[in-house]
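A short write-up of the structure that comes next.
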Amino acid sequence: MSALPWLHPDRVALLEQALHQRILILDGGMGTMLQAHELDESSFRGDRFEHGHDGHAKADEGNAHEHPGSCDLKGNNDLLTLTRPDIIRGVHTAYLEAGADLVETNTFNSTRVSQADYGLQHLAYELNLEGARLARAACGDMTAKTPDKPRFVIGVLGPTSRTASLSPDVNDPGYRNVTFEELAENYTESANGLIDGGADVIMVETIFDTLNAKAALFALSELFHQRGARVPVMISGTITDRSGRTLSGQTAEAFYYSVAHARPLSVGFNCALGAEDLRPHVQTLASIAESYVSTHPNAGLPNAFGEYDESPEHMAGVIGGFARDGLLNLVGGCCGTTPAHIKAIAEAVRDCAPRVIPSAAHAEAA
Ligand SMILES: [Zn+2]
């Protein structure tokens with residue numbers, strides 16, 4: 001990918017300049033913020049999906065027409081990009097006001113395979129396009145107020161609800177419910193929407209299966225070649241439990257070497273664990289990665305009710321330690337984090353120097 005020119009060279013130059021100067025702040029959780037609105041089924045549907053089908057879809061598209069209204073859309077947070085854009089934009093703005101330099105699009109499940117759970121697979125491109133446009137608009141407003149601090153849109157490609165490396169049936173280990181090719185086609189469509197909507201960067205995030213991530217990285221490489229230009233790529237894996245491995249069984253180091261060929265802008269970890277439990281894995285990345293290092297942990301481990309209750313002060317205290325030890329280039333929050341967490345984290349890392357990339361350190365010393 002590295003031979004191609006940047007699609008938006010001026011934006012990349014601003015981002016690189018900022019990364020050189022300081023630790024950049026990512027936003028926090030989207031789901032947590034949406035839950036606070038206590039939206040019901042009709043709010044998720046809006047006018048467009050009021051009658052259980054998509055009034056905009058052509059007759060031959062999607063199977064929404066095959067099951068009109070048979071499936072609840074409540075919980076399809078990505079659909080709110082189309083039905084309640086005011087709320088999604090409000091979340092982006094709240095994070096920007098809390099100090100985020102980069103905001104993530106509301107597109108975690110905006111792939112064809114994930115939207116198929118709701119019979120809305122035909123919306124995949126549109127959800128990504130509009131998701132990026134909303135984030136772009138929120139960033140544009142904020143940058144206009146403080147032009148010395150540019151804001152950036154991270155177009156998010158989520159892991160999907162399928163796993164390419166593992167069988168969902170323990171009695172049939174050879175079975176797969178998704179193929180590499182299918183995932184690559186999904187990611188191509190979604191990434192095209194994100195880029196057309198104005199994403200500055202694409203982040204392949206919450207990677208629990210490296211093969212899924214490789215399908216995304218392959219799709220990005222192909223579409224950059226088709227477009228004759230690329231955008232920076234961020235890669236963020238998930239250590240799923242205290243065993244210190246991803247769901248597909250890799251340690252932090254193994255994971256890094258599986259994705260380093262994509263020459264990402266950054267590699268990191270997010271979700272699943274709180275900051276304390278993620279620290280040794282971020283430390284491993286920080287010691288080996290020839291790219292920037294990011295982390296956006298959950299607000300601790302979920303409690304018995306599936307809620308996250310680590311306070312902004314506590315989380316910021318732990319992350320401040322990461323920053324003082326030189327482990328970080330980008331940091332934010334995942335599940336359970338709010339603008340209060342992001343504000344506290346931004347304050348905790350403000351006076352810390354960003355991590356120096358090891359190869360760059362060697363080159364400068366030589
Ligand atoms: Zn999370």
Nearest 0.5 Å, what's the [atom1]-[atom2] distance between [X] and [Y]?
X	Y	atom1	atom2	value
Ile88	Met33	CD1	CE	10.0 Å
His314	Ile319	NE2	CD1	10.0 Å
Thr284	Leu327	OG1	CG	10.0 Å
Asn106	Leu82	CG	CG	9.5 Å
Ser42	Glu50	OG	CD	8.5 Å
Glu97	His92	CD	NE2	13.5 Å

Student check: side-chain heavy atoms of [X] and [Y] closer than 4.5 Å:
X	Y	result
Lys74	Asn76	no
Thr337	Met315	yes
Thr81	Thr105	no
Met203	Ser266	no
Ile345	Val331	yes
Thr143	Leu96	no
Ile23	Cys352	yes
Arg45	Thr83	no

Checklist entry - What do the steps show when you test Asp141 against Arg89 for side-chain contact (heavy atoms from CB on, under 4.5 Å), and what is the final call? => result CA-CA 11 Å; Asp141 279 359; Arg89 185 160 171 171; 2.6 Å; yes

Next on the checklist: Please determine whether side chain to side chain donor-acceptor pair (under 3.5 Å) holds for the pair Thr163 and Asp209, giving the CA-CA distance in whole Å, both sets of side-chain angles, and the decisive distance to 0.1 Å.
Outcome noted: CA-CA 6 Å; Thr163 306; Asp209 181 356; 5.0 Å; no

Item to check | Candidate pair His20 and Glu16, rule side-chain contact (heavy atoms from CB on, under 4.5 Å), full reasoning | outcome: CA-CA 6 Å; His20 216 76; Glu16 286 279 6; 5.9 Å; no

Next on the checklist: Set out, in order, the CA-CA distance, both residues' side-chain angles and the distance that settles side chain to side chain donor-acceptor pair (under 3.5 Å) for Thr295 and Arg279, then state yes or no.
Outcome noted: CA-CA 9 Å; Thr295 190; Arg279 171 156 178 143; over 6 Å; no

Would you say [X] and [Y] are hydrophobically clustered, going by side-chain heavy atoms of ILVMFWY under 4.5 Å?
X	Y	result
Phe224	Trp6	no
Leu127	Val153	no
Val204	Leu223	yes
Leu273	Phe208	no
Tyr125	Ile195	no

Sidechain-backbone polar pair: [X] side chain, [Y] backbone, donor-acceptor under 3.5 Å:
X	Y	value
Ser221	Leu217	no
Arg176	Ser165	yes
Asn329	Val293	yes
Asn186	Val113	yes
Asp196	Leu129	no
Ser258	Ala254	yes
Arg112	Ala124	no
Tyr187	Ala213	no
Asn109	Gly158	no
His341	Thr338	yes

Next on the checklist: With a 6.0 Å cut-off (strictly less than), is the heavy-atom count around CG of Asp47, excluding the residue itself, greater than 12?
Outcome noted: no

Item to check | Heavy-atom neighbours of Gln21 CD exceed 12 at 6.0 Å | outcome: yes

Item to check | Qualifying residue for side chain to side chain contact (heavy atoms under 4.5 Å, CB included) with Phe152, from Val103, Leu26, Leu102 | outcome: Leu102

Which heavy atom of [X] sits nearest to which heavy atom of [Y], and what is that distance?
X	Y	value
Ser114	Thr160	OG-CA, 3.3 Å
Gly336	Tyr308	CA-CB, 3.8 Å
Ala275	Val318	CB-CG1, 3.7 Å
Pro339	Ala98	O-CB, 3.4 Å
Ser236	Asn270	OG-OD1, 2.7 Å
Tyr256	Glu290	OH-N, 3.0 Å

Checklist entry - Any idea how His281 and Phe269 line up, ring-wise: parallel (<30°), tilted (30 to 60°), or perpendicular (>60°)? => result perpendicular

Checklist entry - Do Tyr257 and Ile288 pass the side-chain contact (heavy atoms from CB on, under 4.5 Å) test, and can you show the C-alpha distance, the side-chain angles, and the key distance before you say yes or no? => result CA-CA 9 Å; Tyr257 286 107; Ile288 58 175; 3.8 Å; yes

Checklist entry - Quick one: do Asp200 and Arg136 make a salt bridge, cutoff under 4.0 Å? => result yes

Next on the checklist: I'd like to know if Arg151 pairs up with Asp27 as an ion pair, taking the criterion as any Lys NZ or Arg NE/NH1/NH2 lying under 4.0 Å from an Asp or Glu carboxylate oxygen.
Outcome noted: no

Next on the checklist: Both conditions, 6.0 Å and 45 degrees, for the charged tip of Arg355 above the ring of Tyr292: are they met here?
Outcome noted: no

Checklist entry - After noting the C-alpha distance and the side-chain angles of Lys214 and Phe180, does the key distance pass the side-chain contact (heavy atoms from CB on, under 4.5 Å) rule? => result CA-CA 8 Å; Lys214 280 181 169 286; Phe180 183 92; 4.2 Å; yes

Checklist entry - So, Asp172 versus Ser167: side-chain donor-acceptor pair below 3.5 Å or not? => result no

Next on the checklist: Does Arg48 form a salt bridge (Lys or Arg N to Asp or Glu O under 4.0 Å) with Glu126? I'd like the steps, not just the answer.
Outcome noted: CA-CA 14 Å; Arg48 178 165 165 189; Glu126 185 183 357; 2.8 Å; yes

